[in-house]
Amino acid sequence: MIDSLVDAGMNDLISDLQTLIRQPSVSAKKVGLTECANLVAEIMQKAGISSEVLHLDNNGIDKSVPPIVYGEVRSKSNPNKTLLFYNHYDVQPEEPIELWENEPFSGIVKDNQVFGRGSADDKGELITRIKAVQYLLKETGDVPCNIKFIVEGEEEIGSLHVEQYLKKYEQKLASDGVIWEFGYVDAKDRPIISLGMKGLLYVELIATGPSRDAHSMFAVLIENPAWRLVSALKTMRDQKTGKITIKDWYKEVKPFTKEELEIISREPFDEREFKNEYGLKRLVAGAKGKNAKKALVGMPTCNIAGFDSGYIGEGAKTVLPAKARVKIDFRLVPGMVPEKQLARLKKHLKQHGFSDVEVNFIHGEAAVRTSISEPFVKKVEEAAREVFGSSILSVSSAGTGPMYSFVKVLKAPCISVGSTYMFARIHSPNEFARVDLLNKCTKCIGRIIEKFAA
């Protein structure tokens, strides 16, 4: 057990996390990515993990694709079994800066919290994995099985090249199981062990009106492209039920299995607490209890991520805009193929008289789930219960990541478990990681490695 080493080394863990937070690495802006990759490699080396910064092109000349960091420790006692950790060093943009109580990349510690962009998502999670391996090496001079790391720099913009990296370095990354880059901890400090991730179809719709912005007095004669988009959007989703109304959208969706429904029924969901956290009076379609839980882990969504048109500055400007655009993310579930869903969207718009609306594909990712009967699942559950006291098994995360690519290329089961408090404000101002959860997660990861190797 590495528990005493973890407790004694918390100052060092926090210091390494602060070092990473203070290096901005915003993939959306292509800021600080190579610098952060090098920092991760240095921290790994310091921990006793052999590391390399790898590129898609062999010489690293192409700077348009951020590098990955590869880490490895070969086991002397058990060289035939390998556990891979997937994480990412890139973070979300810090905006809106004015809503941060401290500098976004300060890494400041207040009481039980480390603040800063990436403190939880995903630099805090990464540090728990690195430290667990470091302390196992310190305790015995060996690791219970081979350990590998892949840390990418594009997760926050859709992991655009991770599958190419997996294919290029397939032999190097070969493994028997994957611990995913994050895991939520609920309000009662129970880790949520997730067995899958939803997929994603991200698109941009553009409607074009007059050749230039016009005076709004001409709205009786010139069709406003913003209204055009609003009309198109209304055909895609039922306002009352939240169901997507595009033909055949749910065609390949399979119902939950009996085992999945049993797990969902046991998953806690505090509706009142959820509403309070987000300032809500009701949930979509009045969802409650089991239906709310089923929607989170296994229902597709159609979400307007952003809408842009006309004048939104101070005061008034009577303008009829020349263009309107909307960005939409559709969460997908197993069986749904992003390319097929995109074709259905385009067909839907055409059939409803919106063939003039331009559809731009931005990103697609298929959904995937690890089987409940996979032996790896029980080992992660045991480790989590030993450290946290109890845990929650979830059929799938409500979010999206490149898990499907890992399963497809490496053919290894993936499981999410980690230290991210579910209300840690990730993707928002004042993001934080809880020190006590970083401590527990590091201990948990150590146990997972030991149990996985057994």
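When reading the values below, keep in mind they use all heavy atoms of this one structure, side chains included, and skip hydrogens, waters and symmetry mates.
A cation-pi arrangement, defined by a distance under 6.0 Å to the six-membered ring centre and an angle within 45 degrees of its axis, is present between K81 and F452. A cation-pi arrangement is found for K172 relative to Y70, the charged atom lying closer than 6.0 Å to the ring centre and inside a 45° cone about the ring normal. Within the cation-pi definition used here (under 6.0 Å to the ring centroid, within 45° of the axis), K243 qualifies as a partner of Y250.
Inter-residue side-chain proximity for L166 and Q164 is flagged as unmet; no heavy-atom pair is nearer than 4.5 Å. Contact annotation: the side chain of K281 never approaches that of K275 to less than 4.5 Å [non-hydrogen atoms, C-beta and beyond]. Between L84 and I179 the shortest side-chain heavy-atom distance does not fall below 4.5 Å. Side-chain contact between V319 and S216: absent, with no pair of heavy atoms (C-beta onward) separated by less than 4.5 Å. Using a 4.5 Å heavy-atom threshold, the side chains of K327 and V203 count as separate. In this structure, the side chains of M44 and F149 come closer than 4.5 Å at one or more pairs of heavy atoms. With a 4.5 Å cut-off on side-chain heavy atoms, I426 and Q92 do not count as touching. Considering only heavy atoms from C-beta on, R117 stays 4.5 Å or farther from P24 through its side chain.
Across every non-hydrogen atom of A37 and P67, the tightest pair is CB-CG, 3.9 Å. L320 approaches I222 most closely through the heavy-atom pair CD1-O, 3.6 Å. Of all heavy-atom pairs spanning T370 and C414, the tightest one is OG1-O, 2.8 Å. Across all their heavy atoms, L229 and A207 have their closest contact at CG-CB, 3.7 Å. When all heavy atoms of K29 and P93 are compared, the closest pair comes out as CE-CB, 4.2 Å. What you find for R22 and G107 is that their closest heavy atoms are NH2-O, 4.1 Å.
Between the CD1 atom of I68 and the OH atom of Y86 there is a distance of 10.5 Å, given to the nearest 0.5 Å. Separating the CD1 atom in I445 from the OG1 atom in T442 is a distance of 8.0 Å, to the nearest 0.5 Å. Atom CE of residue M197 and atom CZ of residue R369 lie 12.5 Å apart, to the nearest 0.5 angstrom. To the nearest 0.5 angstrom, K188 atom NZ is 8.0 Å from E273 atom CD. We find the CD1-CZ distance between I328 and R237 to be 11.0 Å, quoted to the nearest 0.5 Å. Once rounded to the nearest 0.5 Å, the distance linking CZ of F256 with CD1 of I263 reads 11.0 Å.
F330 has its ring centre less than 6.0 Å from the ring centre of W249. For W180 and F406, the ring centers are positioned less than 6.0 Å apart.
Here the side chain of N38 pairs a donor or acceptor atom with the backbone of T34 at under 3.5 angstrom. Without hydrogens or angle criteria, S397 side chain to G196 main chain gives no donor-acceptor distance under 3.5 Å. Judged by distance alone, with hydrogens and angles left aside, the side-chain atoms of D186 form no donor-acceptor pair with the main-chain N or O of I192 at under 3.5 Å. Side-chain atoms of K451 never come within 3.5 Å of backbone atoms of E382 as a donor-acceptor pair (strictly under, hydrogens ignored). Between the side chain of D176 and the main chain of T82, a donor-acceptor pair closer than 3.5 Å is present. Judged purely by atom type and a 3.5 angstrom limit, S119 has no side-chain atom pairing as donor or acceptor with the backbone of F115. Within the 3.5 Å criterion, the main-chain N or O of W227 finds a donor-acceptor partner in the side chain of S231. Of the possible polar contacts, none joining the E52 side chain to the L54 backbone as a donor-acceptor pair under 3.5 Å is found. Distance alone, capped at 3.5 Å, is enough to place a donor-acceptor pair between the E431 side chain and the G118 backbone. In this structure, T245 contributes its side chain and T235 its backbone to a donor-acceptor pair below 3.5 Å.
Ring orientation note: the planes of F423 and Y421 are nearly perpendicular, at an angle over 60° on the 30°/60° scale.
Remark: K198 does not engage E365 in a salt bridge, criterion side-chain N to carboxylate O under 4.0 Å. Ionic pairing of R325 and E358 is not present here: no N-O contact between side-chain nitrogen and carboxylate oxygen is shorter than 4.0 angstrom. Between R129 and E125, at least one side-chain N (NZ, or NE/NH1/NH2) sits under 4.0 Å from a carboxylate O, which counts as a salt bridge. Residues E267 and K290 are not paired through a salt bridge, judged by the lack of any N-O separation under 4.0 Å between the basic side chain and the carboxylate. Ion pair E252/R344 flagged as a salt bridge, since at least one NZ, NE, NH1 or NH2 atom sits closer than 4.0 Å to an Asp/Glu carboxylate oxygen. Looking at K323 and D308, no side-chain N of the basic residue comes within less than 4.0 Å of a carboxylate O on the acidic one, giving no salt bridge.
Inspection of the E35 and Q23 side chains reveals no N or O donor paired with an N or O acceptor under 3.5 Å. Donor-acceptor pairing under 3.5 Å is lacking for the side chains of D329 and H363. Side-chain N/O atoms of E181 and N87 include no donor and acceptor closer than 3.5 Å. For the residue pair R331 and T400, a side-chain donor N or O sits within less than 3.5 Å of a side-chain acceptor on the partner. Remark: the H55 side chain and the D57 side chain contain no N/O donor-acceptor pair separated by less than 3.5 Å. Side-chain polar atoms of K123 and S25 form a donor-acceptor pair below 3.5 angstrom. Q18 and D16 share no side-chain donor-acceptor pair at under 3.5 Å.
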Candidate pair I97 and E103, rule side chain to side chain contact (heavy atoms under 4.5 Å, CB included), full reasoning: CA-CA 8 Å; I97 296 174; E103 289 295 317; 5.8 Å; no
Evaluation steps, side chain to side chain contact (heavy atoms under 4.5 Å, CB included), between M299 and V333: CA-CA 7 Å; M299 296 301 290; V333 297; 5.8 Å; no
Evaluation steps, side chain to side chain contact (heavy atoms under 4.5 Å, CB included), between L233 and V326: CA-CA 9 Å; L233 291 169; V326 63; 4.2 Å; yes
Verdict with supporting geometry, K167 and E163, salt bridge (Lys or Arg N to Asp or Glu O under 4.0 Å): CA-CA 6 Å; K167 290 178 178 178; E163 187 166 323; 3.3 Å; yes
Derivation of the side chain to side chain contact (heavy atoms under 4.5 Å, CB included) call for R434 and D189: CA-CA 11 Å; R434 278 175 46 183; D189 289 353; 3.0 Å; yes
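Atom CZ of R282 has more than 12 heavy atoms from other residues, nucleotides or ligands within 6.0 Å. Within a 6.0 Å sphere centred on CZ of F105, other residues, nucleotides and ligands contribute more than 12 heavy atoms. Applying the 6.0 Å contact sphere to OH of Y311 captures more than 12 heavy atoms from other residues, nucleotides or ligands. Atom CD1 of I304 has 12 or fewer heavy atoms from other residues, nucleotides or ligands within 6.0 Å. In K288, the NZ atom is not crowded: 12 or fewer heavy atoms of neighbouring residues, nucleotides or ligands sit closer than 6.0 Å.
Screening V114, D122, L17 for a side-chain contact (heavy atoms from CB on, under 4.5 Å) with I127, the sole residue that qualifies is L17.
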